[in-house]
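Beneath this line is the structure, given in structure tokens, with notes to follow.
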Amino acid sequence: FIFRICTRLSQSAPDMTLELLSEALLAFTKSPQNTKPWILHYAQPWLQTLGQFTHDTVAHPDALSRTQDIIRSLVRLHLKEPTMYMHFKEHVWSLIARVEELTDVVLDMLVTVAMEYGALTVETELIADMLATVAGKNPRYNKIVPRLRKLVAQTCTLSVSHISAHQLWPEIAVYMRLLLTISFSNSTLAEEYLPDIAFITCMLLKAGPGMIQATLHGIVMHVVHSLALTQCNGAIIDQTFSSSITGANSFAGNPVRQLGAEENANADAGSSQLLSPYAQLAQLLAELIQARTRLNFGLRAKSTSAVTFIASSYTRGGAASTLNPEALMEYKDELAAGGCGGSAHESPRDALDSVERVAQVFLRIMDNSAFAGARGNAWRARWTTLVTASTFVFNPAIQPRAFVLLGKLAAHDEVDDDLLYQTLATLRGALASFGETDEALPVSVLLCLVNMVGGLPPDSSYLASLFWVGIAVMQIGHLPLYKVGLNLVAKVVRTLDACGAFLPENGDGFQHFLMSARVAVEKAADQVDDLVGISFRSSFSAALSLLLLRGMEDMSSKDEAYEVLLQVIGVVASCRKWQQADQITTDRKCDLILPYMILILPTASVRKELAHVFTTAGFAIGAETKASLEHGGCVRLLEQVHKIDIARKCQSDYILYPSILAAMLHKSRSDQEITILYSVLASNITWVDTTMSLLVMESLAPTLTSSITNSHSSKLTHMLHDVMVRLAITRPNFDPDVFIQQQSLLHNTGNMADIAHSLTIDAIAATTRKSVSAFAHAAPATAMPSRVSNVPSPRVRDDSDRPIRVSTRSQDGVSMMSKQSSTPSLPIADSSFDRGMVPAHKEYLARIGFGGLGRAITFDGSMAQWRELAELASLVVDQML
């Protein structure tokens with residue numbers, strides 16, 4: 001009777017709504033427990049008319065504020081009355097959800113009250129349950145997603161390096177917990193707001209304590225689960241699939257087991273058969289709960305699931321909710337450790353790599369055959385719009401992530417020059433200010449460019465110049481920048497090769513095409529070269545080899561540098577093939593491939609990939625040749641390349657190869673690597689003039705002595721002996737009597753110490769101070785030439801099949817080598833090559849533009865040096881623009 005009166009009265013006199021509800025809620029707090037459910041029951045008709053008071057009017061100037069007070073009071077009463085939990089859900093929130101006009105007000109008040117308690121509290125979790133109740137009845141409450149997305153974008157108002165340190169972070173964390181609850185089995189939210197959720201996820205990845213990171217992971221799980229349910233086509237979803245949301249069980253074993261009989265038969269018909277849309281999403285869901293994917297979200301293997309943070313026991317009359325003790329303990333431990341969930345010490349590159357991998361999850365959803373076409377394209381376009389809006393706005397917390405996302409999305413489309421121009425302009429500023437902030441921004445922009453390169457049109461004015469941007473970044477010498485600069489160089493070379501840039505109709509090959517593109521940035525690029533101490537003008541192949549050698553010498557970048565070397569060898573080999581076949585242009589020079597081969601051979605030998613390397617280089621490797629490669633056959637193949645270069649008169653760069661080999665030998669290596677390097681050196685040293693071989697060996701003498709003294713390999717000892725024999729016959733101090741003594745020691749006694757002593761005596765290992773001084777005075781005092789030229793013709797020597805005939809030469813007296821450099825107590829093999837070089841060798845390299853050869857292969861720079869080089873690299877970008 002009373003309910004009917006309230007219903008009629010609310011319809012005939014709605015102006016009484018605000019007053020009556022206010023009094024009813026006041027009476028609720030003072031009434032006995034058995035009458036409270038009736039008050040809620042009688043208030044229902046008035047709650048339905050409350051939607052008329054969401055805007056201020058002349059009759060009700062304070063209508064909005066009073067409506068907000070009523071909703072806020074309902075939320076607080078719900079939290080204070082655990083025994084009335086189900087009554088509130090049934091008689092209040094289920095009814096309010098159907099009042100469209102109250103959507104914004106209810107959402108505002110739920111968030112407001114949740115903010116009073118903070119994220120990861122019982123009260124906020126109960127508010128999330130209230131929100132799930134109204135969202136289940138009214139999809140308009142899904143607008144919490146764009147609200148959170150706008151909140152994340154607003155973090156640009158305050159410059160912080162980590163978003164969890166932003167003043168908006170507490171509100172963001174609350175929104176995330178609310179979103180976790182309403183996203184479960186919510187296909188409407190998943191389909192409508194997938195781009196927004198993708199943006200939010202990538203921007204907030206690994207932010208805050210572990211439970212917040214688990215929350216983000218849970219949201220993604222819920223979204224994929226919801227989309228999978230839309231594609232199940234009536235299939236029975238077993239317990240394993242449902243429990244995979246909480247991570248309790250793994251669905252990875254058989255992602256197609258939920259399919260119907262006909263679909264399973266098709267899936268089993270062959271591995272080439274594509275999975276159904278449902279099976280693809282189920283497989284993705286299975287991958288999301290695996291440890292390696294959880295690590296991308298910053299989660300440890302045994303982190304508590306986000307949806308089990310609250311331990312609730314529901315009863316018929318209500319619910320008693322408490323924090324899960326295990327989750328609470330884990331959360332408190334993380335707060336005590338700094339509240340960063342273990343990601344505080346993660347490098348910017350690792351964080352950006354995680355963003356890329358998680359972005360790939362969403363791209364796989366958008367590429368799913370069920371959503372391909374208009375819907376998938378609309379999702380991707382919307383995501384691109386959201387990312388672009390944050391990409392070019394300074395925000396250290398999320399701008400680097402936005403650039404990574406922009407690159408991933410741009411890889412699916414053709415990139416226009418305007419977007420590339422904006423990206424390069426940002427890179428210019430990031431490099432110019434390098435050192436003032438961390439390297440996250442320049443690294444992210446470079447990662448973006450790596451992905452963009454593949455989408456550039458072949459006639460883009462920027463494509464070839466990007467090679468020199470990558471080179472300039474590699475020359476900075478900062479390892480994180482070097483690695484991404486290496487990726488950029490590799491991607492540009494691959495793209496240019498695919499476009500046919502290195503074919504004869506576009507120039508004279510690899511080196512000629514890239515050096516022609518260098519003209520646009522030549523002034524700034526020369527400045528970088530001068531500061532680093534290498535010269536692409538003097539020797540393109542040697543300079544590029546040294547930069548790649550820098551990557552080969554560091555374990556974290558060795559694999560990437562190795563792959564780039566293989567790629568360059570393949571491209572150069574293709575160019576050499578048509579260059580050698582050109583019978584018309586007889587003076588056409590071939591691209592040099594030897595320096596890249598020299599660099600890769602030691603590692604390829606250890607990896608048992610010598611045959612693959614030589615095949616990539618254009619050699620026909622048969623079974624017999626493959627077997628001989630492990631026994632010095634690689635040197636004979638290199639000599640074939642040398643003869644071709646001699647015929648084409650393009651051996652001028654050879655003068656630098658012994659120095660590069662010597663620099664490589666200054667690093668600690670395995671006996672297998674040292675053996676192959678010395679075997680190459682023994683052959684290579686005879687390809688250059690005597691003066692250069694003399695200087696290189698003077699600088700290498702300490703390393704050579706240390707190697708032969710400490711080696712326990714007879715094969716290596718024989719190789720070192722061979723190097724010294726080949727050098728001995730060119731020395732003015734050569735004494736055949738000592739040589740015979742040395743041969744006797746080697747073949748009869750085999751004593752390592754005696755052999756080492758014999759090889760380092762003046763008659764074998766040294767020349768005179770007079771001869772070097774004569775060279776130094778004879779060298780021109782003017783600046784280095786633009787290119788190494790007028791090198792004496794190398795003498796090809798074949799001593800393998802005939803005895804060495806020598807003649808006694810006059811003794812010049814004092815040895816150039818000091819006592820320290822001719823005794824075993826020398827610097828160890830991994831000492832700095834610069835420190836080990838004799839002054840005349842340094843001067844010689846400086847004259848031809850390679851005075852920094854030793855520095856160019858290490859990452860031993862200071863922040864001041866990196867900053868100076870980064871500023872010069874920004875000038876390269878500036879000239880490009």
Side-chain angles (χ1 to χ4, degrees), residues 474 477 482 532-534 539 541-555 557-559 561-562 564-566 568-569 592-607 609-610 613 634-635 638 653-685 687-688 692-693 695-708 710-711 713 716 719-720 722-723 727 826-838 841-842 845 850 852-860:
M474 290 170 66
Y482 175 90
V532 174
I534 62 176
S539 175
S541 61
L544 180 57
S545 298
L546 287 170
L547 289 182
L548 293 175
L549 177 59
R550 172 182 275 175
M552 291 289 287
E553 297 300 337
D554 189 275
M555 292 306 298
S557 59
K558 186 170 186 174
D559 290 340
Y562 183 85
V564 175
L565 264 173
L566 267 179
V568 171
I569 288 170
L592 294 171
I593 199 172
L594 268 178
Y596 315 118
M597 298 293 292
I598 291 171
L599 256 62
I600 205 171
L601 287 181
T603 304
S605 177
V606 172
R607 298 184 179 187
E609 295 180 358
L610 284 174
V613 169
C634 58
V635 175
L638 292 182
D653 293 359
Y654 278 36
I655 197 169
L656 286 161
Y657 298 171
S659 297
I660 296 175
L661 282 164
M664 294 173 71
L665 286 164
H666 266 72
K667 295 288 184 177
S668 297
R669 299 181 184 276
S670 66
D671 281 355
Q672 185 176 355
E673 291 179 298
I674 294 174
T675 300
I676 198 168
L677 283 174
Y678 274 117
S679 66
V680 174
L681 180 62
S683 176
N684 189 276
I685 204 72
W687 298 345
V688 297
M692 193 63 200
S693 66
L695 294 176
V696 169
M697 294 313 299
E698 292 289 358
S699 298
L700 192 58
T703 303
L704 188 66
T705 304
S706 178
S707 297
I708 199 169
N710 299 322
S711 173
S713 167
L716 177 58
M719 184 56 61
L720 297 175
D722 185 51
V723 173
L727 287 170
L826 296 165
I828 58 175
D830 61 351
S831 61
S832 168
F833 182 57
D834 277 343
R835 290 196 299 270
M837 277 195 292
V838 295
H841 191 186
K842 291 182 180 179
L845 290 174
F850 282 83
L853 186 145
R855 299 190 306 274
I857 63 173
T858 66
F859 292 102
D860 300 333

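Heavy atoms only: backbone and side chains are in, while hydrogens, waters and symmetry mates are out.
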Quick one: closest heavy-atom pair of [X] and [Y], and the distance?
X	Y	value
Ala663	Ile857	CB-CD1, 3.7 Å
Arg550	Thr858	NE-O, 3.0 Å
Tyr562	Met552	N-SD, 3.6 Å
Ser539	Phe850	O-CZ, 3.8 Å
Tyr482	Gly551	OH-N, 2.9 Å
Pro602	Ile676	CA-CG2, 3.7 Å

Measure the spacing between [atom1] of [X] and [atom2] of [Y] and express it to the nearest 0.5 Å.
X	Y	atom1	atom2	value
Thr603	Leu565	OG1	CG	8.5 Å
Ser659	Leu853	OG	CG	6.0 Å
Ile674	Leu665	CD1	CG	7.0 Å
Leu566	Ile600	CG	CD1	4.0 Å
Ile660	Leu546	CD1	CG	4.5 Å
Leu656	Ile534	CG	CD1	11.0 Å

Only one of Leu544, Leu548, Ile569 clears side-chain contact (heavy atoms from CB on, under 4.5 Å) with Val564; which?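 Passing option: Leu548.
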
Applying the side-chain contact (heavy atoms from CB on, under 4.5 Å) criterion to Ser545, which one of Leu594, Leu599, Leu592 satisfies it? Leu599

If we ignore angles and hydrogens, is there a donor and acceptor under 3.5 Å between the side chains of Glu673 and Tyr678? no

Give a yes or no answer on whether the side chain of Ser605 reaches the backbone of Leu601 with a donor-acceptor pair at less than 3.5 Å.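 Answer holds: no.
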
